[in-house]
Amino acid sequence: MEIFLQQIINGLVQGSVYALVALGYTMVYGILGLINFAHGEVVMVGAMLALSALTALLGWGVPPLLAVLFSLILAMAGCMALGYGIERIAYRPLRHAPRLAPLITAIGISIVLQNLAMMVWGRQYHAFPQLIANHPHLIGGAIINDIQIIIFIMALAIMAGLMVVVHRTRLGRAMRAVAENQHAAQLMGVDINRVISLTFMLGSALAAIAGIMVSANYGLAHYYMGFLLGLKAFTAAVLGGIGNLRGAMLGGLLLGLIESLGAGYIGDLTGGFLGSNYQDVFAFFVLIAVLVFRPSGLLGERLAERA
Amino acid sequence: MTNPPLGNSANSGNPLLEVRDLQVAYGGIHAIKGIDLHIERGELVALIGSNGAGKTTTLKTLAGLLHPAGGKIKYDGKSLHDIAAHQRVPMGIALVPEGRGVFARLTVVENLLMGAYSRNDQHEIAVDLARMYTLFPRLAERKDQLAGTLSGGEQQMVAMARALMSRPALLMLDEPSMGLAPLMVKKIFETILNIAEQGMSILLVEQNARLALQVAHRGYVMESGLITLSGASGELLGSDAVQRAYLGG
Ligand SMILES: Nc1ncnc2c1ncn2[C@@H]1O[C@H](COP(=O)(O)OP(=O)(O)OP(=O)(O)O)[C@@H](O)[C@H]1O
Ligand SMILES: [Mg+2]
């Protein structure tokens, strides 16, 4: 029972990070119908920028809270600029090209970003600075620590904030209008390039926060961390129904739970044959199962309903 | 209801819209082969013609969704050549597109607010919203319903109200009667007349040539990318060519 509760806690915390990243995939898909496979690298850049800023600021004796705040802002600003640049360079020139073209540039951008990050930050794992005294709390025999609590609450608050932006503001209305019909949106006076840029920037800001969260949670950052995280968050977006914001949130949390419960019980289920190091495999079982049995995802519309 | 202000009236000597030798091509296919037309301030002008004549192409080009292959478009004395579609809306140009183009997954009121996207006079927007609900009471009843769940006629009302929310000086309508029951067509045309009487300039594209010419001051007849006839509505209604081709006479 303790294991069960513990895995639920771990799953929800990790899942809330997946959800933040999945939102970036789903927002871009919703508005352009393309999968921004470079999004995982934006998460990594966010973590790395924050790492460098934090290390420097703490080294100069800046108070931790101020250092965290500043690093967060710097990482978000850096990632927003990066997201903007990716769209301008890799996607906008190919807006009317065949579907495969932007997919290839996305992969190209990913490789470039990974290699740049490797040159700047090296191949080694970096210890992410311990920001606060990370007190553990015991609930029902399971442990949740301060950082996990902060991650989970912050992620929920950000998701709620995003829903308000998308459903209650002029920009959000324009984003939904552009997602549905670009020509009609132009006829309303919407500069669709601006809305598309802002969508990339919004998703990238969430990615920066997510990157910092993972690094703070595991105490590690690495130039390659965006790859697997990006793929899993993409899986979460597909699980929830790509293009659907609530789906990305639900998919993220569910994937976190599936992974963590799977890792917790895989040993028992296979009589010790497979261990918890097979955790990563679950995400891709989920991806395959969704693609086979329900390609539109849990909350996604069937294609027929779209027409 | 007061008149919506017309765009810049400094050049009120010129026609509001002046098109010279306009050509538009889709790839290598010339859909518009050099047309001239103009619209005076406060005029209701009909553009009629059979399927594939190039009516929709003309309107889309005037709205900025398509780029001309040649010719000039002057609006309120200014060339529209380098002005993007979204920049034409605050200048007073609005198009209700063929097939309506309502945002199905936005509510009725959200659709109407999209129409006011290029404005930021919050108070006046609220006033105009109330006007639209007076003009189309049905929309008031359904304001929080997703526009995609409305009937075709109701969607046409949304599309028209949405365009009016931008306070256009030139309203272009592409087949507003398409697919509607006679009663709804009547309602839509009454609204068009009502708007025109308040001084808005209107370019009306219609398959239903008789109806269009009955409400319009002037008309143009288009055939395979060219304007073949033009004149006062009464003349066109009476002309043998129009009678034969479009009025089944
Ligand atoms: N996207 C496109 N690509 C290629 N050709 C097109 C395109 N849109 C229209 N055309 C062609 O341009 C010509 C004019 O079409 P347009 O839609 O302007 O006609 P229309 O007068 O509006 O007809 P309808 O009354 O059927 O709406 C037609 O021959 C049509 O086939
Ligand atoms: Mg047409």
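Quick note: numbers below take in every heavy atom, side chains included, and nothing from hydrogens, waters or symmetry partners. All chains are named by letter (A, B, ...) in the order of the sequence lines, taking the proteins before the strands, and each is independently numbered beginning at 1.
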(Q) For B:Tyr133, I'd like to know if atom OH has over 12 heavy atoms of other residues, nucleotides or ligands within 6.0 Å. (A) yes
Q: Look at A:Ile192, A:Asn181, A:Asp191 and state which one has the largest set of heavy-atom pairs under 4.5 Å with chain B.
A: A:Asp191
Q) Roughly how far, to the nearest 0.5 Å, is the CZ atom of A:Arg170 from the CG atom of B:Asn120? A) 7.0 Å
(Q) If I take atom OG1 from residue B:Thr107 and atom NE2 from residue A:His167, how far apart are they, to the nearest 0.5 angstrom? (A) 11.0 Å
**Q.** Other residues, nucleotides, ligands: >12 heavy atoms within 6.0 Å of B:Lys187 NZ
**A.** yes
Q.
Given heavy-atom pairs under 4.5 angstrom as the criterion, report whether the side chain, backbone, both or neither of B:Val102 touches chain A.
A. backbone
Q. Under a 4.5 Å heavy-atom cutoff, which of B:Val96, B:Leu65, B:Ile93 has the most pairs with chain A?
A. B:Leu65
Q) Once you round to the nearest 0.5 Å, how far does CG of A:Leu187 lie from NE2 of B:His86? A) 12.0 Å
**Q.** Which atom of A:Ala177 lies closest to which atom of B:Phe103, heavy atoms considered
**A.** O-CE2, 3.5 Å
Q.
Within a 6.0 Å radius of atom CZ on A:Phe284, are there more than 12 heavy atoms belonging to other residues, nucleotides or ligands?
A. yes
Q. If you count heavy-atom pairs under 4.5 Å with chain A, which of B:Gln87, B:Arg162, B:Arg100 comes out on top?
A. B:Arg162
Q: Run through B:Arg105, B:Met114, B:Glu110 and flag the one making a side chain to side chain contact (heavy atoms under 4.5 Å, CB included) with A:Arg176.
A: B:Glu110
Q) In terms of heavy-atom proximity below 4.5 Å to chain A, should B:Ala84 be classed as side chain, backbone, both, or neither? A) neither
Q: Measure distances from A:Arg168 to the heavy atoms of chain B and classify the residue's part below 4.5 Å as side chain, backbone, both or neither.
A: neither
Q) Between A:Arg173 and B:Tyr117, is NZ or CZ placed under 6.0 angstrom from the six-membered ring centre and within 45° of the ring axis? A) no
Q. Where does B:Ala85 contact chain A at under 4.5 Å (heavy atoms): side chain, backbone, both or neither?
A. both
Q.
Please report the interatomic distance CE(A:Met188) to OG(B:Ser166), rounded to the nearest 0.5 Å.
A. 7.5 Å
Q: Search all heavy atoms of A:Ala184 against all heavy atoms of B:Gly101 and return the closest pair with its distance.
A: CB-O, 3.5 Å
Q.
Tell me if the CZ atom of A:Arg92 is crowded by more than 12 foreign heavy atoms within 6.0 Å.
A. yes
